[in-house]
*Asks:* 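Quick one: this structure, given as structure tokens, is what I'll be asking you about.
Every chain is numbered from 1 and lettered A, B, ... according to where its sequence line falls, protein lines coming before strand lines.
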Amino acid sequence: MQIEKKYSPKNIESEWYAHWIEKGYFRSEPDERTPYSMVIPPPNVTGVLHMGHMLNNTIQDVLVRRARMQGHNTCWVPGTDHASIATEARVVNKLKEEGIEKQTLSREEFLQHAWDWKEKHGGIILEQLKKLGASCDWSRTRFTMDKELSDSVSRVFIELYEKGLIYRGVRMVNWDPGALTALSDEEVVHREVRSEFYYIRYQIEGSDETIEIATTRPETILGDTGICIHPEDDRYRHLIGKKALVPLINRPVPFILDEYADREFGTGALKVTPAHDINDYQLGLKHGLPGIDIFNDNGTLNEKAELYIGEDRFAAREKVVRDLKENGQLTRVEEITNSIGFSERTDEVIEPRLSLQWFLKMDELAKPALEVVMNDTIRFHPPKFKNIYRHWMENVRDWCISRQLWWGHRIPAWYLPDGRFVVAKSAEEALIMAREKYGAGLNAGELRQDEDVLDTWFSSWLWPISVFDGINHPLNPEIRYYYPTNDLVTAPEILFFWVARMIMAGLEFRGEIPFRNVYLHGIVRDKQGRKMSKSLGNSPDPLSLIETYGADGVRVGMLFSSPAGNDLLFEEALCEQGRNFSNKIWNAFRLTQSWDMVPDMAQSGESATAIQWFEANLNRSLEIIEDHFSRYRIADALMSVYKLVWDDFCSWYLEMVKPPYQRPVDQITHRATIGFLNKLMRVIHPFMPFISEEIYSHIRDEQDAESIVVAPMPRASSYDASMEGRFSFAREVVMGIRNMRQEKNIPPKEPIEVFVRKNDNQPPDITFDGIIKKLCNISHLGYVQEKPEGTHTLIVRSTELHIPIAGQLNTGEEIRSLESELAYQQGFLKSTRKKLSNGKFLSNAPSKVVDMERKKQSDAEARIRVIEQQLRQLRRGQLS
RNA sequence: GCCCGGUUAGUGUUAGUGGUAAACCGUCGCCUUUACACGGCGAAGUCGAAGGUUCGAUUCCUUCACCGGGUACCA
């Protein structure tokens with residue numbers, strides 16, 4: 001068989017993926033096996049694959065594939081999210097490009113456009129995930145606005161309303177003047193910004209006196225309805241009962257006394273604008289000040305502002321400043337840094353605004369959801385996120401769930417003409433309910449459904465339940481089998497948006513946690529640590545990465561630098577490393593395929609030892625890998641696999657058993673080697689699904705599973721633990737000799753002789769002697785009592801290796817290197833001696849440590865003896 | 001401001017430990033050896049700073065510096 005020298009993943013990957021789908025390996029139906037279920041964090045339906053998705057889904061796929069090979073009935077449910085704000089904005093923009101304004105369309109017409117857009121562009125990302133190798137059960141693909149899922153949303157809305165947890169009320173909300181909707185607290189991102197701090201002089205009514213007030217938002221003076229001063233502030237106490245005139249519009253406003261005013265900050269006097277600041281709002285409530293809302297929805301000023309009507313708030317700010325300056329009421333301007341809220345979606349500056357919205361009470365939902373995380377019923381990986389979670393949960397405020405948008409789940413509330421309302425599943429039920437409640441005479445035309453939709457997260461929080469239809473049909477066999485899911489893999493960014501709320505929903509609607517483990521991975525950043533974004537243009541195109549390095553290579557590259565919870569500084573070189581690893585595996589395979597196997601050939605002792613050693617090593621590594629997985633240390637698990645394959649299998653094992661050029665290999669060794677390769681492919685399959693399947697398909701036995709996807713994951717079994725120690729000495733010898741060859745310029749082809757002098761009275765362990773001979777091209781390996789003449793000496797631990805060297809090269813350099821080694825050893829010896837002569841050390845340190853110290857001392861002494869002896873000899877030679 | 005987390009080789013990524021330090025990548029040097037140059041062999045660190053506890057601290061404690069995250073207030 002002719003096998004390419006370089007592994008090329010391109011066709012292999014797409015063919016295997018198609019094959020897996022055709023065989024239905026990713027499909028899951030409830031059966032008698034233990035389930036392993038997981039839901040995908042649904043990407044935005046209009047989204048395209050970016051590096052964050054690649055990382056997120058690679059991790060999930062590793063977990064799922066491993067669970068599948070461990071015999072679980074695995075179900076990874078894919079799907080997408082309708083993303084109200086983002087999708088609506090895109091559809092609005094697209095319509096604008098076609099010359100259609102949203103306002104000119106009816107709700108139904110707009111939604112038709114939105115659905116068309118979704119059908120056309122939605123779910124591209126899911127196709128892209130297939131390129132990555134994601135082993136989702138595609139037959140279960142869900143969308144948050146599917147019928148079942150939408151029904152689930154209104155059902156829980158009604159239930160929570162009836163329980164009194166959902167209420168409607170006027171509150172100060174975060175208004176996004178770009179998206180024209182209210183947002184929840186979580187959708188506001190606070191950033192420190194350099195701002196101007198304006199000092200403005202207010203006239204006292206009926207007097208020449210003025211009072212100075214500082215503000216960062218001078219345009220809001222037009223909504224001022226009071227001035228707050230501290231009750232004990234002597235500077236201003238005399239003003240009580242008087243009124244100040246709001247500059248430019250001369251509205252008289254009263255002084256109020258409240259300890260909220262900070263005497264140290266600004267001028268100590270605070271303007272109160274109850275309609276546009278949460279603290280002012282509370283002050284206004286407390287002291288009976290009216291609120292004057294001077295802004296329109298889009299952030300322009302309305303007629304209540306009296307001035308600059310129709311102008312944007314930032315333009316109005318400049319004009320207010322200009323006009324105040326002109327009339328001398330602006331006394332000075334300072335630079336300050338303050339924190340400003342921005343919309344997470346549109347990046348508009350959030351306008352705090354009084355508004356009638358729907359809210360969900362959080363206290364009762366938060367308590368049990370906090371408890372299950374703090375007591376590790378749900379485990380966070382890494383656990384450091386527990387603290388952050390607790391902090392949020394303990395300070396959670398009610399959730400504003402209504403959005404002034406059309407794309408999403410419409411709020412199931414119907415209003416009577418007088419504003420009273422009912423909450424019901426449908427218009428029909430609403431009518432019946434309204435008649436019962438408010439009078440039989442009502443007709444359908446008099447009821448109007450709420451215009452708003454629900455926050456997207458109000459559907460996402462049900463995701464682990466609703467994908468199995470567990471809200472509408474709580475006892476259906478699927479939800480009972482798959483819920484709770486096992487693991488959730490996501491980014492800490494959405495810990496509150498999503499994870500916390502899923503936990504609340506799970507406990508509230510199922511009485512059970514939604515998942516047992518939450519794996520939180522970092523953000524993919526570029527090499528300079530910047531978040532990858534379209535506008536920076538610093539994100540590589542995931543699909544072209546896959547094209548270049550293969551999905552296996554990219555997966556490995558992403559995972560290499562991705563310890564749990566830490567951000568990942570992505571470099572393309574990591575994918576290159578992944579690709580190189582593919583190639584290494586490929587060539588190991590190629591080597592085994594090039595061997596001629598002769599059935600009746602006797603197995604060499606070296607091969608038998610090599611097999612024993614690798615068997616032990618493999619099991620030890622499997623133990624380590626299992627431990628890493630059990631602690632969700634996926635990058636570490638991969639690193640262990642990488643070293644097992646590259647170092648242990650390729651660099652050591654294959655070199656040990658490799659037959660000389662064009663010579664055959666015996667049957668036992670051949671079979672064992674293929675068996676190892678088979679196991680290694682299975683261990684590696686969750687990380688590199690394609691190349692492992694390709695190689696497996698060539699080497700599998702008749703009785704093996706037909707595909708590696710469903711082959712059993714090797715498990716660690718008991719092994720000869722002494723092998724490791726014995727081999728590690730042999731490895732030091734081999735490395736020492738290789739090193740010496742390089743230093744002395746002895747080509748690998750030239751055979752050498754080695755005479756070993758042991759400096760202890762133990763019989764030598766010759767287990768690896770044959771292998772050492774083979775790996776170092778040693779023609780004769782013997783044990784001696786006396787150091788032979790004319791040899792170069794290597795010291796491994798306290799054993800001397802004497803190697804005759806044809807031409808003595810560079811004695812001086814050798815002396816120098818021995819001298820520096822001697823100095824190091826002497827320093828080392830000195831420190832151990834110091835310890836051992838310290839009575840306190842001997843009496844306080846555990847005896848194990850003291851023994852170790854004694855062993856170190858005797859080893860060092862032995863080494864020093866050998867070095868000194870050799871130095872003497874070299875110096876003699878130099879003199880003569 | 002408060003609360004977490006971090007600082008270990010090269011303005012890289014991370015393990016780890018009360019007994020003079022590991023891995024990956026990168027860099028550099030040598031090697032085109034018959035699986036693989038997408039390869040092989042090798043080199044380089046006062047474990048952020050200062051104190052303290054200890055026979056002994058990179059590890060435990062305190063303070064500080066810097067970085068990251070969360071969160072509050074900021075008129």
*Asks:* Should A/E493 and A/E344 count as side-chain neighbours, where that means a heavy-atom distance under 4.5 Å?
*Replies:* no
*Asks:* Paired with B/A21 by Watson-Crick or G-U wobble geometry, both distances under 3.5 Å: which nucleotide is it?
*Replies:* none
*Asks:* Less than 4.0 angstrom between a side-chain N/O of A/N580 and OP1 or OP2 of B/G39, yes or no?
*Replies:* yes
*Asks:* Just name whichever nucleotide pairs with B/C47, Watson-Crick or G-U, keeping both distances under 3.5 Å, else none.
*Replies:* none
*Asks:* Assess whether a salt bridge exists between A/E572 and A/R579, defined as any Lys/Arg side-chain N lying under 4.0 Å from an Asp/Glu carboxylate O.
*Replies:* no
*Asks:* Give the rounded distance in Å between these two atoms: CG of A/D262 and P of B/A75.
*Replies:* 11 Å
*Asks:* Mind calculating the distance between CZ (A/F589) and P (B/C38) to the nearest angstrom?
*Replies:* 21 Å
*Asks:* Under 4.0 angstrom, heavy atoms only, what part of the nucleic acid is A/K658 near: base, sugar-phosphate, or nothing?
*Replies:* base
*Asks:* Using both distances under 3.5 Å as the test, list the Watson-Crick or G-U wobble partner of B/U53, or none.
*Replies:* none
*Asks:* Roughly, in whole Å, what's the span from CD in A/Q662 to P in B/U34?
*Replies:* 12 Å
*Asks:* Could you check how far CH2 of A/W586 sits from P of B/G39, rounded to whole Å?
*Replies:* 17 Å
*Asks:* To the side chain of A/T216, which of B/A75, B/C73, B/G70 is closest?
*Replies:* B/A75
*Asks:* Do the side chains of A/E623 and A/R620 get close enough for a salt bridge, i.e. N-O under 4.0 angstrom?
*Replies:* no
*Asks:* Can you tell me how the ring of A/F197 sits relative to the ring of A/Y199, calling it parallel under 30°, perpendicular over 60° and tilted otherwise?
*Replies:* perpendicular
*Asks:* Considering only atom P, compute the distance from B/U11 to B/C74 and round it to an integer number of Å.
*Replies:* 44 Å
*Asks:* How far does the C1' atom of B/G26 sit from the matching atom of B/G51, given to the nearest Å?
*Replies:* 37 Å
*Asks:* Can you see if the side chain of A/N583 gets near the phosphate of B/A35 - specifically, an N or O under 4.0 Å from OP1 or OP2?
*Replies:* no
*Asks:* Please report the distance separating the C1' of B/U7 from the corresponding atom of B/G12, rounded so that it comes out in whole Å.
*Replies:* 15 Å
*Asks:* Is B/U32 paired to anything, Watson-Crick or G-U wobble with both distances less than 3.5 Å, and if yes, which nucleotide?
*Replies:* none
*Asks:* A/N387 side chain N/O closer than 4.0 Å to the phosphate oxygens (OP1, OP2) of B/G70?
*Replies:* no
*Asks:* When we call it a touch if two heavy atoms are under 4.0 Å apart, what does A/Q742 touch: a base, just sugar-phosphate, or nothing?
*Replies:* base
*Asks:* Polar atoms only, N or O, under 3.5 Å: list the protein pairs with nucleotides 53-56 of chain B and their distances.
*Replies:*
{"from": "B/C55", "atom 1": "OP1", "to": "A/N844", "atom 2": "ND2", "distance (Å)": "3.2"}
{"from": "B/C55", "atom 1": "O2'", "to": "A/N838", "atom 2": "ND2", "distance (Å)": "2.9"}

*Asks:* Would you mind telling me which of B/C74, B/G70, B/A75 lies closest to the side-chain atoms of A/I388?
*Replies:* B/G70
*Asks:* Assign A/S843 to base, sugar-phosphate, or nothing according to its heavy-atom contacts below 4.0 angstrom with the strands shown.
*Replies:* nothing
*Asks:* Both distances under 3.5 Å, Watson-Crick or G-U wobble: report the partner of B/U11, or none.
*Replies:* none
*Asks:* Assign A/R590 to base, sugar-phosphate, or nothing according to its heavy-atom contacts below 4.0 angstrom with the strands shown.
*Replies:* sugar-phosphate
*Asks:* Taking B/G48 as the reference, what is the distance to B/U13 when you measure between their P atoms (whole Å, please)?
*Replies:* 15 Å
*Asks:* Is there a donor-acceptor contact under 3.5 Å linking the side chains of A/D258 and A/H287?
*Replies:* yes
*Asks:* Is the phosphate of B/A35 approached by A/K584 (side-chain N or O, under 4.0 Å from OP1 or OP2)?
*Replies:* no
*Asks:* Confirm from the modelled atom types if A/E655 and B/A35 form a donor-acceptor pair under 3.5 Å, side chain to base only.
*Replies:* yes
*Asks:* Determine: side-chain N/O of A/K6 to OP1/OP2 of B/C38, distance under 4.0 Å, yes or no.
*Replies:* yes
*Asks:* Using a cut-off of strictly less than 4.0 Å, decide whether A/R833 has a side-chain nitrogen or oxygen near OP1 or OP2 of B/U20.
*Replies:* no
*Asks:* Is any NZ, NE, NH1 or NH2 atom of the basic residue among A/R501 and A/E186 found under 4.0 Å from an Asp or Glu carboxylate oxygen of the other?
*Replies:* yes
*Asks:* In residues 638-651 of chain A, what residues come within less than 4.0 Å of RNA chain B, judged by heavy atoms?
*Replies:* A/M639, A/Y642, A/K643, A/W646, A/C650
*Asks:* Atom CG of A/N739 to atom P of B/G40: distance rounded to whole Å?
*Replies:* 17 Å
*Asks:* Quote, to the nearest angstrom, the C1' distance that separates B/A22 from B/A35.
*Replies:* 29 Å
*Asks:* Going from NZ on A/K658 to OG1 on A/T592, what distance comes out if it is rounded to the nearest 0.5 angstrom?
*Replies:* 12.5 Å
*Asks:* Could you give the NE2-to-P distance, from A/H391 to B/C4, as a whole number of Å?
*Replies:* 10 Å
*Asks:* Would A/Y653 and A/F614 count as a close aromatic pair, with their ring centres under 6.0 Å?
*Replies:* yes
*Asks:* Of the listed nucleotides (B/A75, B/G70, B/C24), which one gets closest to any side-chain atom of A/Q577?
*Replies:* B/C24
*Asks:* Using the C1' atom as the reference point in each nucleotide, state the distance between B/U58 and B/G70 in Å, no decimals.
*Replies:* 29 Å
*Asks:* To the nearest 0.5 Å, what is the distance between CG on A/L559 and OH on A/Y642?
*Replies:* 13.5 Å
*Asks:* Assess whether a salt bridge exists between A/D648 and A/K643, defined as any Lys/Arg side-chain N lying under 4.0 Å from an Asp/Glu carboxylate O.
*Replies:* no
*Asks:* Can you tell me, in whole Å, how much space there is between the P of B/G45 and that of B/U34?
*Replies:* 35 Å
*Asks:* Could A/E212 and A/R235 be called an ion pair, given the rule that one side-chain N must be under 4.0 Å from one carboxylate O?
*Replies:* no
*Asks:* B/C2 pairs with which nucleotide, Watson-Crick or G-U wobble, both distances below 3.5 Å?
*Replies:* B/G70
*Asks:* How many Å lie between CD1 on A/I752 and P on B/U33, as a whole number?
*Replies:* 19 Å
*Asks:* Do NZ/NE/NH1/NH2 and the carboxylate oxygens of A/D224 and A/K271 come within less than 4.0 Å?
*Replies:* yes
*Asks:* Give a yes or no on this: more than 12 heavy atoms of other residues, nucleotides or ligands lie within 6.0 Å of atom CZ of A/R663.
*Replies:* no
*Asks:* NA contact type, A/A588, heavy-atom cut-off 4.0 Å: base, sugar-phosphate, or nothing?
*Replies:* base
*Asks:* Taking the P atom in each of B/C24 and B/C31, what is the distance between them to the nearest angstrom?
*Replies:* 23 Å
*Asks:* Rounding to a whole Å, what distance do you find between A/F197:CZ and B/C74:P?
*Replies:* 11 Å
